[in-house]
Number of protein chains: 2
Amino acid sequence: MARRKISNTLALAVLGLLREQPMHPYEMASTLRERHKDGSFKINSGSLYDTVEALVRHGWIEPVETAREGRRPERTVYATTELGQSEFVDWIDELLRTPVAEYPKFMAAVSYLGALGPDRAAEALAERAGHLVERIEETGAVLADTVGSGKVPRLFMIEVECALHAWEAELAWTRRTIDEIRDGSLFWPTFERTAEGWTWSAPADRKGTAG
Amino acid sequence: MARRKISNTLALAVLGLLREQPMHPYEMASTLRERHKDGSFKINSGSLYDTVEALVRHGWIEPVETAREGRRPERTVYATTELGQSEFVDWIDELLRTPVAEYPKFMAAVSYLGALGPDRAAEALAERAGHLVERIEETGAVLADTVGSGKVPRLFMIEVECALHAWEAELAWTRRTIDEIRDGSLFWPTFERTAEGWTWSAPADRKGTAG
DNA sequence: TGGCGTATAGTCGGAACCGACTAATAGGAG
DNA sequence: CTCCTATTAGTCGGTTCCGACTATACGCCA
């Protein structure tokens, strides 16, 4: 399976917007922010203009007008091509069907949870849990104010619900892990170097060896 | 809060490994794979060597030996410095405490779920659910074979449990959403351009408009 | 014994990404 | 009316990242 020509999902957002109307890049960025899509797409001016150029190179979008108001910088307005629209749909389809490996920073840190020792680890996770609660509340408020009040159809913000669900799961895992650390059910081994390699202390008289 | 000097978490993995023993980069990569840490860290030879160089530049690790066997390419063996070790712990602490925005591809695709239409969307999500089930089963088998059989302390693979939990949550959301699409409880509006902007069809006689 | 596949170890050039910067205008405070 | 800030619009250069590539050595089967 050949890799996609463009992999930055910001390009997906651009194609999605241009389905509605021709637009210039700056307007794309502000529209995405207005619609709270900046939680799903990393909007960065530099990347955005690079992405738009790449889309033009592949013939998925094309410039339709370059206007100038006063002596402000020129604005180039883009529109999608038919190729762009069909690629848009195919791309979404593929992204939905096939899970790909992601490498969240949190997972990396959890990998070395042991390095903090049980007390500091539990404390750090507790702080994270607090931040997650805030984030979940804020997101809930946003949903209430948009979908909840009927301003926006639910389908148009379904990804926010999805993210919310993911954070709730992370919060649940975090809390459970804090409890397991505190009540000792997550055993905390200690390392030691021996002649044959590494040894760690084990609960219930079990001894393990590696290397 | 100043940004970290090194942001690639692969550097974290390197620091973690060198805590045990001096090593050369190739060995780091194979050790990480052996320990199933390649699900939490994106291991890429190019990035790895770049990362190691960056760590040396910052004084977090240092070369301790350059050996050569036969006419094979030279191997440079590295060890951590004390600075490196303290940065390692601080970095983990920070990553655990502070959630940062991540932009998974799935979230991007879900943002434009509407573009597929209800039938294709449900079908695509169903395929994903199948892949997730496989992945969850495989991961469960790995855990059973390592932690379950007492070969490895649970703490050393805790991030695998964390990832498993996240996939299970994603699977649950995916299944729920498929159901909601199929039974019509996730209403699927249609767009139309009017003089004043955009209009979408709404359930129960409600009409929405956007600028 | 010669040829093929795999493991070892690392290099390199280009693509992608980022965020600080420029520069003009509009809007409000005093 | 002038100064200050926010908004609009986009540019640019440096860093990071990636994966295809090189090159040697080893095992094994025919």
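Chain letters run A, B, ... following the sequence lines, proteins first and then strands; every chain starts at 1. These values consider heavy atoms only, across backbone and side chains, with no hydrogens, waters or symmetry-generated copies.
Rounding to whole angstrom units, CD1 of residue A:Ile6 and C1' of C:dA15 are separated by 12 Å. Here C:dA16 presents its C1' atom at 17 Å from OH of B:Tyr103, a figure rounded to the nearest Å. Put simply, NZ on B:Lys5 is 14 Å from P on D:dT15, counting in whole angstrom units. Note: CZ (A:Arg75) to P (D:dG10) measures 7 Å, nearest angstrom.
Partners of A:Glu170 by side chain to side chain contact (heavy atoms under 4.5 Å, CB included), not counting sequence neighbours, listed by chain and number: A:Phe106, A:Arg128, A:Leu132, A:Thr174. B:Pro104 is linked by a side chain to side chain contact (heavy atoms under 4.5 Å, CB included) to A:Glu102, B:Glu102, B:Met107, counting only residues two or more places apart in sequence or in another chain. Partners of B:Arg35 by side chain to side chain contact (heavy atoms under 4.5 Å, CB included), not counting sequence neighbours, listed by chain and number: B:Leu17, B:Glu20, B:Thr31, B:Lys37.
In this structure, B:Tyr26 does not reach the C:dG10 phosphate: none of its side-chain N or O atoms is under 4.0 Å from OP1 or OP2.
Between B:Glu87 and B:His58, the closest side-chain pair of non-hydrogen atoms is not below 4.5 Å.
Closest-nucleotide positions on DNA chain C for B:His24 and A:Arg57 were compared, and the one nearer the 5' end corresponds to B:His24.
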Sequence neighbours left out, cut at 3.5 Å: what donor-acceptor pairs do the side chains of residues 40-57 of chain A make with other protein atoms?
| from | atom 1 | to | atom 2 | distance (Å) |
| --- | --- | --- | --- | --- |
| A:Ser40 | OG | B:Ser111 | OG | 3.4 |
| A:Asn44 | OD1 | A:Gly46 | N | 3.1 |
| A:Thr51 | OG1 | A:Ser47 | O | 2.8 |

Could you go through residues 6-13 of chain A and list every donor-acceptor pair under 3.5 Å that involves a side-chain atom there, pairing it with any protein atom two or more places apart or in another chain?
| from | atom 1 | to | atom 2 | distance (Å) |
| --- | --- | --- | --- | --- |
| A:Asn8 | OD1 | A:Leu10 | N | 2.9 |

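Out of D:dT7, D:dC17, C:dG10, the shortest distance to the side chain of B:Asn8 is found at D:dC17.
Residues of residues 27-51 of chain A having a heavy atom closer than 4.0 Å to DNA chain D, listed by number: A:Ser45, A:Gly46, A:Tyr49.
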